[in-house]
Protein chains: 2
Amino acid sequence: MPGSIQSLERAAAILRLLAGGERRLGLSDVASSLGLAKGTAHGLLRTLRSEGLVEQDAASGKYQLGAELLRLGTGYLDGHQLRARALRWTDDLARATGEAAYVAVPHRDGVLVVHHVPRPGEPPRTGAMLPLHGSALGRVLCAYDPVTRAEPAGGPGFEAELAATRARGFAVDLEPAGGGTASVAALVRDGRRMPVGAVGVTGAAERMCDAGGVLAGVVAAVQDCARGISGDLGAGRA
Amino acid sequence: MPGSIQSLERAAAILRLLAGGERRLGLSDVASSLGLAKGTAHGLLRTLRSEGLVEQDAASGKYQLGAELLRLGTGYLDGHQLRARALRWTDDLARATGEAAYVAVPHRDGVLVVHHVPRPGEPPRTGAMLPLHGSALGRVLCAYDPVTRAEPAGGPGFEAELAATRARGFAVDLEPAGGGTASVAALVRDGRRMPVGAVGVTGAAERMCDAGGVLAGVVAAVQDCARGISGDLGAGRA
DNA sequence: GAATCGGGGCCGGCAATGCCGACCACCGGC
DNA sequence: GCCGGTGGTCGGCATTGCCGGCCCCGATTC
């Protein structure tokens, strides 16, 4: 891989810096965080601002992410095959289960939510990152996708958990926090039967579980949804 | 304004190109569209790809927008004051009217949707661009925000329409297409009473209108919502 | 099957590019 | 008033990245 363009790498680093943690940073903060000279950082920020990728608070002079990023991120979603096919299926899934439905794809060291049908009153979470080991969507991708699993492994017994997920055909995650939240997720494959993403639902454990674990009806709905999307992806490719 | 960084401008142009119109372009297409040498375009694309801002289809070799943009776009939303305050108010608005609620801010030559509460079964439209002259959200911003109105004016009588909007205190848009769609929007101001965005609802005209125009209850709900958000922004700033 | 054409990708030399560090204007606090 | 801090600017140097040409490969076509 021949050399990358330095100024672009640095600009991307600035955007990532503004996206994580503190979302409003001053020029000096940016420069020192990335080990750049103040003048260099200023030139990058000035250009990013003129392109709309970064905005500057008029009062404080601090920098934050720009609106153009939202437009570009939406452009990514519009071109996303999996998400396009998933729209109608996840709608049915959310209606059938009464819970929030999610679609996610692997991204870096986690999974990225590319579609979310929230329950009424909940905020949308499309674009959020979920952990590989702490979510049903992440686990199901870990279980089936070799490149995703290449990430640093979780605790002992995690491989066994993945094997169990493969045997069941779906992943489960139970979060005791806040009265108990349960998640179920299943794999989505493309036309060549390669793993490309995951779909699932998340909701209060008291609605989704009984003494024997997650309700069979919910699991079946998630699996039907995954099969439906996978089928659409296969047919679309022919 | 001292010079901008050339490579960054070009990289941003590539991203904009991939976001608009054709969403999958070959290297040669990108190079010729922007008037760049093939080698130059390749270097930019290679770096954008390594940063995750652009992805390359393994089979065709064509380029498309990358998942990192969705993550960054979400980061923009997370830092957005107006959107954060609007979340709970628009939720009430959608429930009270039974229609889809929108929040938008001015961006370039249009308005950008930063929050959308869709009706059940509708896809989310957060991140979409709406026209200044062909939407209620755009018109209300035109009517009150001087920098937004500086855009090329619409047809004759448009100024009168804006004056009427200011007199009424809200904007209306009726689209005959598809059986008739009606929209109502009102202005949101920040703590210094400057226009910062707009909030509104859109739905079938047969539900939202009677012989006298848009139902008074819907208009009142939109205006209450706009006042509520504006109040929150003022209080938060104190 | 061979020749052609177009695709993406790589490389070396030149100079334009953008990086750096010093410097300026401004603000708020001590 | 001084001082430490901010964001912003400018000029000179050399690093940087741009360019045009070349290669490889796969699809198409005769």
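Lettering follows sequence order; numbering is per chain, from 1.
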Separation of atom [atom1] in [X] from atom [atom2] in [N], rounded to whole Å:
X: A:R46; N: D:dC10; atom1: CZ; atom2: C1'; value: 10 Å
X: B:I14; N: C:dG8; atom1: CD1; atom2: P; value: 13 Å
X: A:D57; N: D:dG8; atom1: CG; atom2: P; value: 12 Å
X: B:Y63; N: C:dG8; atom1: OH; atom2: P; value: 7 Å
X: B:L27; N: D:dC24; atom1: CG; atom2: C1'; value: 15 Å

Practice problem: Could you tell me whether the side chain of A:L44 reaches within less than 4.5 Å of the side chain of A:V30, counting heavy atoms only? | Solution: no
Exercise. Determine whether B:I14 and B:Y63 make a side-chain contact, defined as any pair of heavy atoms from C-beta on separated by less than 4.5 Å.
Key: no
Quiz item: Does A:Q56 have a side-chain nitrogen or oxygen under 4.0 Å from the phosphate oxygens OP1 or OP2 of D:dG7?
Solution: no
Self-check item: Residue-phosphate contact under 4.0 Å: A:S28 side-chain N/O, D:dG7 OP1/OP2
Solution: yes
Quiz item: Between A:E68 and B:R16, is there a salt bridge with N-O shorter than 4.0 Å?
Solution: no
Exercise. Please tell me which of A:H42 and A:D29 maps to the more 5' nucleotide of DNA chain D, matching each residue to the nucleotide holding its nearest heavy atom.
Key: A:D29
Quiz item: Hey, does the side chain of A:T202 reach the backbone of A:A100 with a donor-acceptor pair shorter than 3.5 angstrom?
Solution: no
Quiz item: Which of these passes side-chain contact (heavy atoms from CB on, under 4.5 Å) with B:W89: B:V199, B:I229, B:D224?
Solution: B:I229
Quiz item: Is A:R189 atom CZ crowded by more than 12 heavy atoms from other residues, nucleotides or ligands, each under 6.0 Å away?
Solution: yes
Practice problem: Assign a letter to each nucleotide of nucleotides 17-26 of chain C from its 5' end: B, base within under 4.0 Å of a protein heavy atom; S, sugar-phosphate only; -, no contact. | Solution: SSSBB-----
Practice problem: Working to the nearest 0.5 Å, report the span between CZ of A:R23 and CD of A:Q64. | Solution: 10.0 Å
Quiz item: So what is the end-to-end bend of the helix from C:dG1-D:dC30 to C:dA15-D:dT16, with 5 pairs used at each end and the value given to 10 degrees?
Solution: 0°
Exercise. Begin from the C-alpha positions of B:D91 and B:R88 and carry the test salt bridge (Lys or Arg N to Asp or Glu O under 4.0 Å) through to its verdict.
Key: CA-CA 5 Å; B:D91 220 59; B:R88 69 176 229 85; over 6 Å; no
Exercise. List the atom of A:L112, the atom of A:G127, and the distance in Å for their closest heavy-atom pair.
Key: CD1-O, 3.4 Å
